[in-house]
Amino acid sequence: MEIQYMENARIFHLRAGEMSYAFGVDALGRLVHLYWGEALRHASSLEALVPVAKLACELPGVDANNACDFEVPTREPFDYGEPILWPRFASGERGLRLIYRTHRIERGHLTVVLADEYAHMEVEAHYKMWRDLPLLSRWLVIRNTGAEPVEMQAVKSAAWHLCAGHDYRLTHLSGNWGCEYTKNQLMLTQSRVVLQNSRLTCAAAQQVPFFAIDRNGEATETMGKVFFGVFHWSGDFEITVEQQFGKRVSVTGGIGTFDSNYAIQPGESFETPAFTGGYSTRGFERMSEILYDWQLDALMPRGCSSAKAHAVRPVIYNSWYPFEFNVSEENCMALIDRCAEIGVEMFVIDDGWMPGRVDASAGLGDWIADPKRFPHGLEFISDACHRKNLQFGLWVEPEMVNPDSDLYRAHPDWVIRIDGRPMTLQRNQLVLNLARDDVRDWIIDWLDDLIETCRLDYLKWDMNRYVSENGWPEAPAADKQSLSIRYTRNLLAIWRHLNERHPDVLFENCASGGGRADFGMVPYADRINRSDNADPVDVMVLHEGFSMLFPPKTAGGAGNIAPDVHHIHGRATPLPFRIHLGMTGSMSIGINLLTVSEEVLEALKEAIAEFKQLRPDLQDAYVYRIASARRHPYALFQYTRRDPKFFALFAFVHGMRCWDLPLPRFEMRGLIPDALYENEQGVRMTGEALMKIGIALSLKGDFDSVLQVWRAV
Ligand code: DGJ
C-alpha cells in the first residue's frame with residue numbers, strides 16, 4: 001500500500017496490492033482521472049501518465065468527445081456526464097466548479113481539498129486503502145462555507161472511470177423476495193444504466209448496491225480483469241453506469257436522488273457514505289476472494305476481543321418455519337430440550353412472542369413478551385437455555401408498527417405518512433419514521449433493555465416492508481425530502497450503537513430475507529438472512545450469487561436446514577440433501593423437532609457433529625463456484641481454506657437426465673500444486689492433479705449430493 005505524489009506533474013498515485021489508481025491536477029486546477037488498473041510497480045512507469053495528464057490539461061473539454069474524466073464530476077463546461085454533486089444555492093443557481101486547494105497524506109488515506117472559486121463550498125475528496133487489498137474506498141465531505149443553506153439535489157460519493165475505447169460488460173445482482181442475487185450481464189451501449197433502489201427501508205431487495213465491469217465480456221470465474229464496486233449504504237442508492245460517445249465509460253454512485261434533497265446549513269458539513277472500488281486480475285473468483293478477505297480481516301464486527309469476525313458461528317435452531325406465530329413457553333421449553341440433545345448451540349424465538357402477535361395483524365411496536373403465552377417472561381426461557389448450555393436469541397422488527405398496537409395508539413405521529421392521504425398497509429404494518437431522532441432514541445432504549453434483561457446472545461433484526469408514502473408532516477418544508485437520508489443514517493446509527501454497547505452479541509441482518517445484503521450493513525451484522533427461500537433447489541442458485549460477495553459464515557437464515565416440504569414450492573426434498581446445503585453457510589435448523597421421527601433427530605445430531613468438526617475450516621473459506629446450477633442440473637462449490645491446506649467439495653444434483661451424462665472430471669482451483677491432499681477415504685492426489693486432472697464424481701437422478709473433504713498431508 002502506497003500513496004505517491006509527483007509534485008512536478010501534480011499526479012497522485014495510489015497502489016494497493018495488484019491495483020493502481022492515479023489522477024492529477026490539471027492546468028485549470030481540476031482533478032482529472034488518469035488510470036485505474038493493474039499495479040504500476042516501477043516509479044518510471046508513472047512518467048507515462050504525465051503526457052496523459054498534459055493531454056487532459058490541454059483539452060479543457062473543447063467538445064464532448066475530448067472531455068476529461070473528472071474525479072468529482074459536477075458538469076464542468078463541456079462535461080455532459082452524470083454529476084455526483086449538484087447543489088442549489090439560496091440564489092437559485094446550481095452547479096459547482098471545484099478547484100484543487102491542498103491535500104493531506106496519512107497512512108493509507110489521501111484527502112484532497114477542493115473549493116468552488118465562486119460559490120461558498122468546500123469539498124474534501126477522501127481515498128482510503130485497505131492494506132494490500134486491491135480496494136479503494138472513496139467518499140466526500142461537503143462543507144457549506146457560505147451564510148445561506150445549500151440544497152443538495154445530488155450528493156453522491158465517487159465516480160469511477162474506465163479506459164475509453166473498449167467494449168465493456170456490466171454484471172449486477174438483482175431480484176426480489178425469495179430470489180435475491182440473480183446474476184445479470186449486459187454489454188454496454190451508449191446509454192445510462194441505473195442500478196438503484198428507491199424503496200427507502202433497504203438497499204439490496206431488488207438490486208444489490210454492487211457492480212462489476214469487464215472488457216469485451218471476456219472475464220470468467222477464473223480469468224480476466226474485473227473492475228467492481230460496492231456502496232456502503234443500506235437505503236436508497238443509485239449506481240449509474242454511463243457510456244458516452246467514444247466508449248467513454250464511467251460509474252457514478254451514491255445516495256439515490258429520487259425524492260431526495262438535503263439542506264446543508266451554513267458552517268455545516270455533509271459526509272457521504274463510502275463507495276469502494278476494486279480490481280481483480282483473475283476474474284470473478286479473485287473479486288470474491290478480495291471481498292471476503294476485506295470483510296473477514298477488516299470490515300465485519302470485531303467484538304470485544306477483535307476475534308468475533310473470525311469466530312465460528314453457532315448452530316442455531318429457529319422457530320419460524322415450523323411454528324410461525326405459534327410460539328409459547330410450552331413449546332419453547334420442549335424444543336430447548338430437543339435442541340440440547342442433538343447438539344444445537346443457540347435457540348432462537350422468531351416472530352410471534354409479543355402480545356397479540358398470533359398472526360401478522362398485531363403486536364409490532366409493543367416489545368414485551370405476551371404474558372399469556374410466556375407467563376414467566378422471556379428471562380425464564382433465556383435461563384432455561386443457558387442452563388442447558390445453549391445460547392438464546394430473539395427476533396425483532398424495530399422499524400415497524402401495527403396500527404393495532406399500544407405504540408401506534410400513543411404515537412400516531414411517529415409513522416411515515418402524508419397527512420390527508422390514506423396510509424398504505426403492507427403485511428398490516430406501517431413504517432416508523434426513523435428520520436426522527438426521538439424514534440431512533442426510543443428504539444435504542446428498548447433494544448438495550450431487551451438485550452440486557454433477557455440476556456440475549458443473538459438478535460435478529462427483521463424489516464418487512466417498503467415505504468409508499470414518503471411523508472413527514474412535522475418536518476419543515478426544506479427538510480421533508482431529507483427523509484430517506486436521515487432514516488438510513490439513524491438506522492445505521494442504531495446498529496453502530498448496538499455493536500458498541502453489546503459487542504459480543506451476535507447480530508443478524510434480515511430484511512424479509514436478503515433485503516439488506518449490502519455493504520452498509522456489513523460492519524454491524526455477523527450474519528445475513530440470505531433468503532426466506534430455503535427450498536434447496538433454489539438455494540443451489542441463490543448461493544451462487546450470494547457467494548460472489550459474502551463469505552460462508554455470513555450466510556444465515558431462519559432454517560438453512562429447512563422442513564422436508566418447503567412452503568415456497570411445496571417441493572419435498574430428502575434430508576441428506578438439505579443437510580449438505582445447510583453446511584454451506586452458517587448452519588440453522590428450522591424443522592419441527594417435536595414431531596419428527598427418532599431417525600430424523602439422529603440424522604440431525606450426526607450432521608451437527610460433523611459440521612462442528614468441519615466448521616472452523618469451512619466458515620472463512622473462499623467459495624469457488626465450480627459448476628453453476630444455472631447451466632447444469634448440478635451445482636458444485638469448492639470451499640478452500642485461505643491457507644489453502646484444506647478444501648471441501650459440495651456437489652448437488654437436481655433433475656439429471658440421461659444426456660447430461662457422463663459428467664466431466666471437475667478441476668479444483670486455488671490449491672498448492674506441490675502439496676499432497678488426502679480425502680476421508682484415504683485417496684491421495686497432488687494439488688496439481690486435483691487442479692489439472694480433476695475429481696470424478698458419480699452423481700445421478702434427483703437430490704443426490706456429495707461432500708468430499710480433502711486436507712494437505
Ligand atoms: C421475514 C423473515 O425473513 C423471516 O425469517 C421471519 O423472521 C419472518 N419475517 C417473521 O415475520
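All values derive from a computational prediction rather than experimental measurement. Remember, it's 1-based here, ligands and their atoms both numbered in the order they're listed.
- Taking only nitrogen or oxygen atoms, main chain and side chain alike, Cys510 does not reach within less than 3.5 Å of ligand 1.
- At a 4.0 Å cut-off, at least one heavy atom of Arg427 sits close enough to ligand 1 to count as contact.
- Residue contact check for ligand 1: Lys460 places a non-hydrogen atom closer than 4.0 Å to it.
- Using cut-offs of 30° and 60° on the angle between ring planes, the pair Phe231 and Phe237 is tilted.
- Those atoms of ligand 1 that come under 4.0 Å of a heavy atom in Trp395, given as number and element, are 7 (O), 10 (C).
- Ring geometry, His567 versus Tyr321: the interplanar angle falls from 30° to 60°, so the pair is classed tilted.
- Remark: ligand 1 atoms within the under-4.0 Å shell around heavy atoms of Asp462 are 1 (C), 2 (C), 6 (C), 7 (O), 8 (C), 9 (N), 10 (C).
- Each of the following atoms of ligand 1 lies closer than 4.0 Å to a heavy atom of Asn529: 3 (O), 5 (O).
- When each of Trp395, Phe325, Trp353 is paired with Trp320, the ring pair (Phe, Tyr, Trp, His ring centres under 6.0 Å) condition holds for Phe325 and for no other.
- If you take CG on Leu593 and CG on Leu604, they are separated by 6.5 Å, rounding to the nearest 0.5 Å.
- Counting atoms of ligand 1 from 1 in the listed order, those under 4.0 Å from a heavy atom of Asp351 are 10 (C), 11 (O).
- Contact check on Asp504 versus Lys308 returns no salt bridge, with no Lys/Arg side-chain nitrogen under 4.0 Å from an Asp/Glu carboxylate oxygen.
- Each of the following atoms of ligand 1 lies closer than 4.0 Å to a heavy atom of Asp350: 6 (C), 7 (O), 10 (C).
- Considering CZ of Arg625 and NZ of Lys183, their distance stands at 7.0 Å, rounded to 0.5 Å.
- What sits closest to atom 4 (C) of ligand 1 on the protein, heavy atoms only, is Asp532 OD1, 3.3 Å.
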Given salt bridge (charged side-chain N to carboxylate O under 4.0 Å, His left out), test Asp518 with Arg516 step by step and report yes or no.
CA-CA 5 Å; Asp518 56 66; Arg516 280 183 177 148; 5.8 Å; no

